[in-house]
Amino acid sequence: MGIQGLTKLLGDAAPGCMKEQKFENYFGRKIAVDASMHIYAFLVVVGRQGDQMLTSETGEVTSHLQGMFFRTVRMLEAGMKPVFVFEGKAPELKREELAKRSNRREDANTELEAAKEAGNAEDVEKYSKRTVRVTREHNEECKRLLRLMGVPVLEAPSEAEAQCAQLCKDGLVYGISTEDMDSLTFGTPKLIRHLMAPSSQKPLAMEFDHELVLKELELTEDQFIDLCILCGCDYTAKISGIGAVRALSLIKKHGSIEGVLAALDSKKYQIPEPFPYQEARRLFKEPDVVKGDQIPQLKWTSPDTEGLIDFLVKEKTFAEDRIRKAVERINAAKGKASQGRLESFFGPAKVVSSTMGKRKEVPVAAKGKKGSSGAAPKKGKLGGMGKKK
DNA sequence: ACTCTGTCTCAAGACGAA
DNA sequence: TTGAGACAGAGT
DNA sequence: TTCGTCC
């Protein structure tokens, strides 16, 4: 999933588009999150022992709730205002990819049975992870949980990442927290990686700025989308032998996928058949999303303590004191936040990593302009771009 | 010689007691 | 599943 | 920090 090799390419060819940020810098900020992605990760890893997961008394899986609850608490405690976006129905083009995944799951199921049969614990764990699938019930339970926590939930008509990007374009959130680089292809002005990385290893968050990506790569938005398609995305197969680096130089030389295809030596490089790059392009450029003016006001309210107790403790067998303690943390954070009148300091407009930013001037990111193409080179670039390699 | 792609591997979430 | 890092081998 | 447990 995502765009193959894009992170590395940006690191090498557009280092200026990335900026490290401290966790604390997100205090007061609205952040969009792809919920389904998280749920998936929680199901794979939370409380897993072999093919066992956390379950309620009645045997229903609760790993996703455990993960979602405590992660959301962490975000709220850090003063963030998360909006969780749930995936809608996949676009037609992705069906093939999804079918493949589904097949792989089937295979994994067979392997899993075999491993159980053979009593191979390692394999049981490995294969059972591969059989993980996010169901409608997982999604619904997480929505219920989040609403009880006072956190807004949004249903995307189609791709969650595309909807998140739209929220950011419309200025409803500061950025989107994801590990999936195709959010950038969807044009999110800001993408934040490693925001919720395990507190144990605490790497800094990394922000990618869409405008700077285009500027540094010297591409128009359309060209960047074409680049991503050539690198390899979920919607089409890729051209074997063309990776991120060659894709970039080809796009630069020929301007578009059409140009690249016309110039490619078809003896050397096999164009996949079919290669619906135009459709893929359309999905990135005009994905099925809800625009900001049709989205109900996002609200962050106080958690419904008793509702949470009913749900998590009574229904799902969570430990009551843990839940109460966590709700306390949320309330404590809320108190701190509200007395500060955040919006005036931390509006979606801009950031400043004042205190600790040593380098990195922050070019104002006035959004609003849909801009896209033509990078108007106004002021001269900043001096040396930080690092080189 | 150098660069690039494709392959393989690994780990993966958060809490809290010790 | 994902991403990252290490490696090999093919291409330039 | 490490590691067992969360449900």
Report task. Report whether Tyr127(A) and Val45(A) are members of the same hydrophobic cluster (ILVMFWY, side-chain heavy atoms less than 4.5 Å apart, transitive linking). Result -> no
Requested in this report: Could you tell me which residues satisfy side-chain hydrogen bond (donor to acceptor under 3.5 Å, both in side chains) with Arg48(A), sequence neighbours excluded, listed by chain and number?
Outcome: Ser128(A)
Report summary line: Between CG of Asp182(A) and C1' of dT2(C) the distance, given in whole Å, is 12 Å
Report summary line: By nearest-heavy-atom nucleotide on DNA chain C, the more 5' of Thr7(A) and Arg130(A) is Arg130(A)
Query - N-O pairing of Lys285(A) and Glu221(A) below 4.0 Å - result: no
Requested in this report: Using atom CE of Met68(A) as one end and atom P of dC15(B) as the other, report the distance to the nearest whole Å.
Outcome: 15 Å
Requested in this report: Before accepting this row, confirm whether a basic side-chain N of the pair Arg136(A)/Glu140(A) lies closer than 4.0 Å to the acidic partner's carboxylate O.
Outcome: yes
**Report entry** Nearest-angstrom distance, P atom, dA4(C) to dG13(B)
**Finding:** 14 Å
Report task. Using the C1' atoms only, state how far dA18(B) lies from dC7(D), rounded to an integer number of Å. Result -> 22 Å
Report task. Return the value, rounded to whole Å, for the distance between atom CD of Gln270(A) and atom P of dA10(C). Result -> 19 Å
Query raised in the report: What is the distance, rounded to the nearest whole Å, between atom CG of Leu191(A) and atom P of dG3(C)?
Result: 11 Å
Query raised in the report: Who passes side-chain hydrogen bond (donor to acceptor under 3.5 Å, both in side chains) against Glu218(A), sequence neighbours left out?
Result: none
Requested in this report: Output all residues satisfying side-chain hydrogen bond (donor to acceptor under 3.5 Å, both in side chains) with Ser183(A), sequence neighbours left out; order by chain, then residue number.
Outcome: Glu161(A)
Anything under 3.5 Å between a protein N or O and an N or O of nucleotides 1-8 of chain B, put it in a table, one pair a line.
{"unit_1": "dT5(B)", "atom_1": "OP1", "unit_2": "Gly243(A)", "atom_2": "N", "d": "2.3"}
{"unit_1": "dT5(B)", "atom_1": "OP1", "unit_2": "Gly243(A)", "atom_2": "O", "d": "3.2"}
{"unit_1": "dT5(B)", "atom_1": "OP1", "unit_2": "Ala244(A)", "atom_2": "N", "d": "3.2"}
{"unit_1": "dG6(B)", "atom_1": "OP1", "unit_2": "Ser240(A)", "atom_2": "OG", "d": "3.4"}
{"unit_1": "dG6(B)", "atom_1": "OP1", "unit_2": "Gly241(A)", "atom_2": "N", "d": "3.2"}
{"unit_1": "dG6(B)", "atom_1": "OP2", "unit_2": "Lys238(A)", "atom_2": "NZ", "d": "3.3"}

Report summary line: Rounded to whole Å, the CZ-C1' distance (Phe42(A) to dA14(B)) equals 9 Å
Query raised in the report: Do Asn109(A) and Glu113(A) get their side chains close enough for a donor-acceptor pair, meaning under 3.5 Å?
Result: no
Query raised in the report: Is any side-chain heavy atom of Leu227(A) less than 4.5 Å from a side-chain heavy atom of Leu217(A)?
Result: yes
Report task. Using a 4.0 Å heavy-atom cut-off across all strands, classify Arg133(A) as base, sugar-phosphate, or nothing. Result -> nothing
**Report entry** Cluster overlap Leu65(A) with Leu76(A), hydrophobic side-chain contacts below 4.5 Å
**Finding:** yes
Requested in this report: Take atom CG of Asp234(A) and atom C1' of dT1(C), then tell me their distance rounded to the nearest Å.
Outcome: 12 Å
Query - Atom-to-atom span, CG of Leu10(A) to C1' of dA4(C) - whole angstrom - result: 15 Å
Query raised in the report: Using atom P of each nucleotide, how far apart are dC10(B) and dT5(D) to the nearest Å?
Result: 25 Å
Query raised in the report: Which residue lies toward the 5' end of DNA chain C, His194(A) or Lys268(A), if each is placed at its nearest nucleotide?
Result: His194(A)
Report task. Using side-chain hydrogen bond (donor to acceptor under 3.5 Å, both in side chains) as the criterion, list what pairs up with Tyr235(A), not counting sequence neighbours. Result -> Glu159(A)
Query raised in the report: With respect to the phosphate group of dT1(C), does any side-chain polar atom (N or O) of Arg105(A) fall under 4.0 Å of OP1 or OP2?
Result: no
Any protein N or O atoms within reach of nucleotides 3-7 of chain D? Criterion: under 3.5 Å, listing atom names and distances.
{"unit_1": "dC6(D)", "atom_1": "O2", "unit_2": "Gln66(A)", "atom_2": "NE2", "d": "2.9"}
{"unit_1": "dC7(D)", "atom_1": "OP1", "unit_2": "Ala319(A)", "atom_2": "N", "d": "2.8"}
{"unit_1": "dC7(D)", "atom_1": "O3'", "unit_2": "Thr62(A)", "atom_2": "OG1", "d": "3.0"}
{"unit_1": "dC7(D)", "atom_1": "O3'", "unit_2": "Lys316(A)", "atom_2": "O", "d": "2.6"}
{"unit_1": "dC7(D)", "atom_1": "O2", "unit_2": "Thr55(A)", "atom_2": "N", "d": "2.8"}
{"unit_1": "dC7(D)", "atom_1": "O2", "unit_2": "Thr55(A)", "atom_2": "O", "d": "3.3"}

Report task. Round to a whole Å and report the spacing from CD of Glu125(A) to C1' of dC10(B). Result -> 13 Å
